2 protein chains.
Amino acid sequence: MQNANGTPETAQRFRQRPLVQEVRDELERMILGGEVEAGERLNEIVLARQMGVSRGPVREAARSLEREGLVRAVANQGVYVRKLSLEDALELYDLRALMAGELCASVAAMPGAHIRADLRDLVDTMDDLIAGDDQDSYFTANLAFHDHIAAVAGLERTRSLYVALGKEVRLFRLRVLNGLASLVVSNAEHRRILAAIEAGDVETARTEGRNHHLNGKRRLLETLNG
Amino acid sequence: MQNANGTPETAQRFRQRPLVQEVRDELERMILGGEVEAGERLNEIVLARQMGVSRGPVREAARSLEREGLVRAVANQGVYVRKLSLEDALELYDLRALMAGELCASVAAMPGAHIRADLRDLVDTMDDLIAGDDQDSYFTANLAFHDHIAAVAGLERTRSLYVALGKEVRLFRLRVLNGLASLVVSNAEHRRILAAIEAGDVETARTEGRNHHLNGKRRLLETLNG
DNA sequence: CGATTGTCGATTGTCAACAATATTCTGTTG
DNA sequence: CAACAGAATATTGTTGACAATCGACAATCG
């Protein structure tokens, strides 16, 4: 296993994570990072050689990645990076919107002032980042906002699906939120979600959470058509 | 393995399916059939010996089963049959209800008289089965009804999730539909779904499809409490 | 010339052996 | 007798080798 931070000895001696986890993360990074193209076949042998492991862990990691829909395996032929059609991406947006709605509704239904405070901090931070034109940081904060909602909603399966679908849709590899205008609109939607959560309005939280993602889908379509 | 795509399977020679597929199906059958208890550890060695294969395919099959949430793997410790808490089961019902709503809505939005005819046949058949007190056949027809909707909805990812969640919830292993009264109620709900689909009423189809599953959740709770 | 068949190289599927890790047992000690 | 340390055992993690299969190209036949 190649080691990004040059400590190969330590990593080998005190390895606690199974190799398959390392390989899995590396493969996921390669796929989501665009180092391997959509539809491309993942050659077990060369991957194993690249990472300095045998084919076993590579195979298991590939099966694990199949779970998240990042790759599809064909018998006697190999695993291919999944290629997302526009219809696939739109369906993923819809599914994700449903999950997000449930997660927001669940958070709105539970007490916990600190949760709301954390969310408010994130939304305020995002406004600052927009003002400073720091789009990369905005994406990070945006991710943190949604992850935080998902983490505290108490719906583990829904959360894991939400996260997995998020990775899956990234296969489509199209940055929808570009331009400050989109960011402003996006964070305004965050505020509406937050307001519903703070008000304990379950149904509104569900609707706003879902609409936020459906708007993302709409922006995707506009980006493609315009 | 179904052959939906154009795989050349002309020869009737018995197909040599990859072993991992056989092992996977066998494990799934054992888990869903209750041959191994929830929370029990799956011993790679004894399973491999039982099935007459080596541990490799067993390991891969286990990882594949993790995809459907039927088992959970712990590093250096093995894979365990997933144990579902009541909260887990309820969450799965909610998720499945959402998927079902989307699938029904999608079918309602598309043309195709033969699809509706097939569904109507199934509903009529189920009424006959109720009249004949053939509960086992009813369960089969019920499954066919929902599978058929999922199959023709044109939402592949939603369908696969719906099916996987269906297997997952079976881990809770509690037959909710017992007694003819429940069957009558259940098929009445089927008719409402069908009516909305035939009318092309997308929103009603979504609501009825979702409610049908939420009612199943309600019946589960009533079974447990009463 | 086109289609079919045979062969070859590359790749995946499977296996059994070895290494690392977790669990159980056992004997000792306070 | 309880608690602990360490060995013994069982199980998972990993590996390299071998078998089965697939795709491509060349040879053969009509």
Side-chain angles (χ1 to χ4, degrees), chain A residues 1-3 8-27 30-31 36-37 39-67 70-82, chain B residues 1 3 5-27 30-31 36-37 39-67 70-82:
Chain A
M1 188 74 200
Q2 63 184 12
N3 208 332
E9 312 288 341
T10 314
Q12 190 170 6
R13 290 209 313 171
F14 297 106
R15 165 162 47 84
Q16 283 151 347
R17 291 183 66 198
L19 263 188
V20 54
Q21 294 283 355
E22 307 270 358
V23 175
R24 205 203 72 92
D25 290 351
E26 175 70 4
L27 281 180
M30 289 172 67
I31 294 173
V36 291
E37 293 181 17
E40 187 175 339
R41 188 167 61 83
L42 296 180
N43 187 314
E44 291 180 2
I45 296 179
V46 307
L47 285 174
R49 195 149 30 195
Q50 278 180 9
M51 303 184 189
V53 300
S54 79
R55 284 173 48 216
V58 174
R59 286 176 66 87
E60 283 194 33
R63 290 283 187 276
S64 176
L65 245 49
E66 207 184 354
R67 168 175 193 182
L70 260 47
V71 88
R72 71 175 223 280
V74 180
N76 285 320
Q77 209 172 347
V79 304
Y80 297 81
V81 178
R82 188 152 166 243
Chain B
M1 188 196 305
N3 198 355
N5 50 12
T7 311
E9 292 292 335
T10 54
Q12 293 198 349
R13 243 188 353 236
F14 76 90
R15 154 169 356 161
Q16 188 149 1
R17 262 199 341 173
L19 265 186
V20 54
Q21 294 281 356
E22 306 270 1
V23 175
R24 205 203 72 93
D25 290 350
E26 175 70 5
L27 281 179
M30 290 172 66
I31 294 173
V36 291
E37 293 181 17
E40 189 176 337
R41 187 167 61 85
L42 296 179
N43 188 315
E44 290 180 3
I45 297 178
V46 307
L47 285 174
R49 195 147 31 194
Q50 279 180 8
M51 304 185 189
V53 301
S54 79
R55 285 171 47 217
V58 175
R59 286 176 66 88
E60 282 194 34
R63 293 290 184 278
S64 176
L65 245 50
E66 207 184 354
R67 167 178 192 182
L70 261 47
V71 303
R72 69 175 224 281
V74 180
N76 284 321
Q77 209 171 347
V79 304
Y80 296 81
V81 178
R82 186 151 165 244

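Reminder, nothing fancy here: chain letters follow the sequence lines and each chain counts from 1. Values reported hereafter were calculated over all heavy atoms of this structure, with side chains retained and with hydrogens, waters and symmetry mates removed. Quick caveat: nothing in here was measured; it's all calculated off a predicted structure.
Residue B:Q77 places its side chain closer to C:dT23 than to any other of C:dT11, C:dT23, D:dT12. Picking from D:dT14, D:dT11, C:dT12 the nucleotide with the shortest atom distance to the side chain of A:I45 gives C:dT12. Nearest to the side chain of B:N43, among C:dT12, D:dT12, D:dG23, sits D:dT12.
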For DNA chain D, just give me the dot-bracket, please: Watson-Crick or G-U, both distances below 3.5 Å, ( ) intra-strand, [ ] crossing earlier pairs, | paired with another strand, . unpaired.
||||||||||||||||||||||||||||||

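You'll find the side chain of B:E26 stays beyond 4.5 Å of the side chain of B:Q21, heavy atoms only. Looking at B:L70 and B:V81, their side chains never come closer than 4.5 Å, going by heavy atoms from C-beta outward. Under the 4.5 Å side-chain criterion, counting only non-hydrogen atoms from C-beta, B:I31 is in contact with B:V71.
Taking the salt bridge (charged side-chain N to carboxylate O under 4.0 Å, His left out) definition, one finds that A:R24 meets it with A:E28, A:E68, sequence neighbours left out. Under the side-chain hydrogen bond (donor to acceptor under 3.5 Å, both in side chains) criterion, B:E40 pairs with no residue at all, not counting sequence neighbours. Every side chain to side chain contact (heavy atoms under 4.5 Å, CB included) that A:V46 has, sequence neighbours left out, goes to A:N43. Considering only residues two or more places apart in sequence or on other chains, A:R82 meets the side chain to side chain contact (heavy atoms under 4.5 Å, CB included) condition with A:L84, A:D88, A:E168, A:L171, B:R157.
The distance from atom CD of B:E22 to atom C1' of D:dA20 is 16 Å, rounded to the nearest whole Å. Atom-to-atom, CG of B:N76 to C1' of C:dT23 comes out at 12 Å; the value is rounded to the nearest Å. Between the OH atom of A:Y80 and the C1' atom of D:dC22 there is a distance of 10 Å, rounded to whole Å. The nearest whole Å value for the distance from the CD atom in B:E40 to the P atom in D:dT11 is 13 Å. Put simply, CG on B:L19 is 11 Å from C1' on D:dA20, counting in whole angstrom units. Atom CZ of B:R41 and atom C1' of C:dT24 are 13 Å apart (whole Å). Put simply, CD on A:E60 is 15 Å from C1' on C:dC15, counting in whole angstrom units.
For residues 56-65 of chain A, every residue pair satisfying the side chain to side chain donor-acceptor pair (under 3.5 Å) rule, not counting sequence neighbours, is listed here: A:E44-A:R59, A:R59-B:E60, A:E60-B:R59, A:E60-B:R63, A:R63-B:E60.
Against DNA chain C, the stretch residues 52-59 of chain B makes heavy-atom approaches under 4.0 Å through B:V53, B:S54, B:R55, B:P57.
In this structure, CG on A:L27 lies 12.0 Å from CD on A:E22, to the nearest 0.5 angstrom. The CG atom of B:L47 lies 11.0 Å from the CZ atom of B:R55; values are rounded to the nearest 0.5 Å.
Phosphate contact (OP1/OP2 of C:dG13, side-chain N/O of B:Q21, threshold under 4.0 Å): absent.
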Could you go through nucleotides 5-8 of chain D and list every protein N or O atom that sits under 3.5 Å from one of its N or O atoms, giving the distance for each pair?
none

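If you check every strand for non-hydrogen atoms under 4.0 Å, B:L47 touches nothing.
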